[in-house]
Amino acid sequence: MALYSDKVMDHFRNPRNVGTIENADGVGEVGNAKCGDIMTMYLKIDDDVITDVKFETFGCGSAIASSSMATEMIKGKPVSEALTVTNKAVAEALDGLPAHKMHCSVLAEEAIKAALKDYYDKNGIAYDPELFPGESCAHCEH
């Protein structure tokens with residue numbers, strides 16, 4: 001069996017939604033240069049729906065594929081639905097990741113939540129702090 005699924009390879013070789021959004025409604029940057037993976041996600045939100053999403057990722061192929069898949073999973077979705085995306089869902093959508101690369105899907109979940117938290121903060125929208133990760137690099141324990 002191949003180390004990476006066809007979906008992982010496709011999203012690595014042909015990532016969707018790469019880039020930035022000027023005047024984004026929410027921006028989330030997660031990761032840590034020490035572990036080598038840094039992901040930034042940009043959201044455009046209209047009427048509580050994510051109308052556009054872009055990402056920039058510095059990292060391995062699994063990190064790029066996870067970022068790409070995560071953007072596909074939340075584009076066009078209500079904010080409340082985007083908040084429910086988990087790293088497990090990202091990995092499953094990619095037809096799995098090797099165990100030692102699961103931290104990449106965690107990074108994607110964290111980036112979505114960080115961008116949504118930024119959106120809430122910028123707009124003075126109340127939220128449950130339990131929904132959002134801390135400031136640490138939890139996926140790589142740095």
- Query: For Asp47, does the CG atom sit with more than 12 other heavy atoms under 6.0 Å from it, leaving out its own atoms?
  - Reply: no
- Other cluster members, Val49 - Ile/Leu/Val/Met/Phe/Trp/Tyr, side-chain contacts below 4.5 Å: none
- Between the side chains of Tyr42 and Glu22, is a donor N or O closer than 3.5 angstrom to an acceptor N or O? no
- Nearest heavy atoms of His100 and Leu3, plus distance in Å: CE1-CD1, 4.4 Å
- Which atom of Ile45 lies closest to which atom of Thr51, heavy atoms considered: N-OG1, 4.3 Å
- Message: So for atom CG, which belongs to Asp6, do other residues, nucleotides or ligands contribute more than 12 heavy atoms lying within a distance under 6.0 Å?
- Response: no
- Less than 4.5 Å apart, any side-chain heavy atom of Ile50 and any of Lys44? no
- Query: Hey, is Lys113 close enough to Asp118 for a salt bridge, meaning N to O under 4.0 Å?
  - Reply: no
- Looking only at non-hydrogen atoms, find the nearest pair between Ser68 and His11 and report the distance. OG-ND1, 2.6 Å
- Set of residues satisfying side chain to side chain contact (heavy atoms under 4.5 Å, CB included) with respect to Asp121, sequence neighbours excluded: Lys117, Tyr127
- Query: In this structure, are over 12 heavy atoms from other groups packed under 6.0 Å from Lys88 atom NZ?
  - Reply: no
- Side-chain contact, heavy-atom cut-off 4.5 Å: Asp25 with Lys122? no
- Task: Nearest 0.5 Å please: distance from the CD atom of Glu109 over to the OG1 atom of Thr84.
- Result: 9.5 Å
- Message: Could you check whether Lys75 pairs with Asp52 (Lys NZ or Arg NE/NH1/NH2 to Asp/Glu carboxylate O, under 4.0 Å)?
- Response: yes
- Please check if Val27 and Val30 belong to a single hydrophobic cluster, counting links between Ile, Leu, Val, Met, Phe, Trp and Tyr side chain heavy atoms closer than 4.5 Å. no
- Query: Are Ile21 and Met39 joined in one hydrophobic group, where the rule is that I, L, V, M, F, W and Y side chains link up if heavy atoms are under 4.5 Å apart?
  - Reply: no
- Query: So, for Ala91 and Leu97, which heavy atoms are closest and what is the spacing to 0.1 Å?
  - Reply: CB-CD1, 4.3 Å
- Query: Taking all atoms of both residues into account, what is the closest heavy-atom pair of Ala82 and Ile112, and its distance?
  - Reply: O-CG2, 3.7 Å
- Query: Which atoms form the tightest heavy-atom contact between Ser5 and Gly96, and what is the distance?
  - Reply: OG-O, 4.2 Å
- Message: Between Lys77 and Leu83 (side chain of the first, backbone of the second, donor and acceptor by atom type, cut-off under 3.5 Å), is there such a pair?
- Response: no
- Message: Treating Ser105 as the side-chain partner and Ser66 as the backbone partner, does any N or O pair qualify as donor plus acceptor under 3.5 Å?
- Response: no
- Task: Give the cluster check for Leu43 versus Ile125: same hydrophobic cluster or not, with ILVMFWY residues linked at side-chain heavy-atom distances below 4.5 Å.
- Result: yes
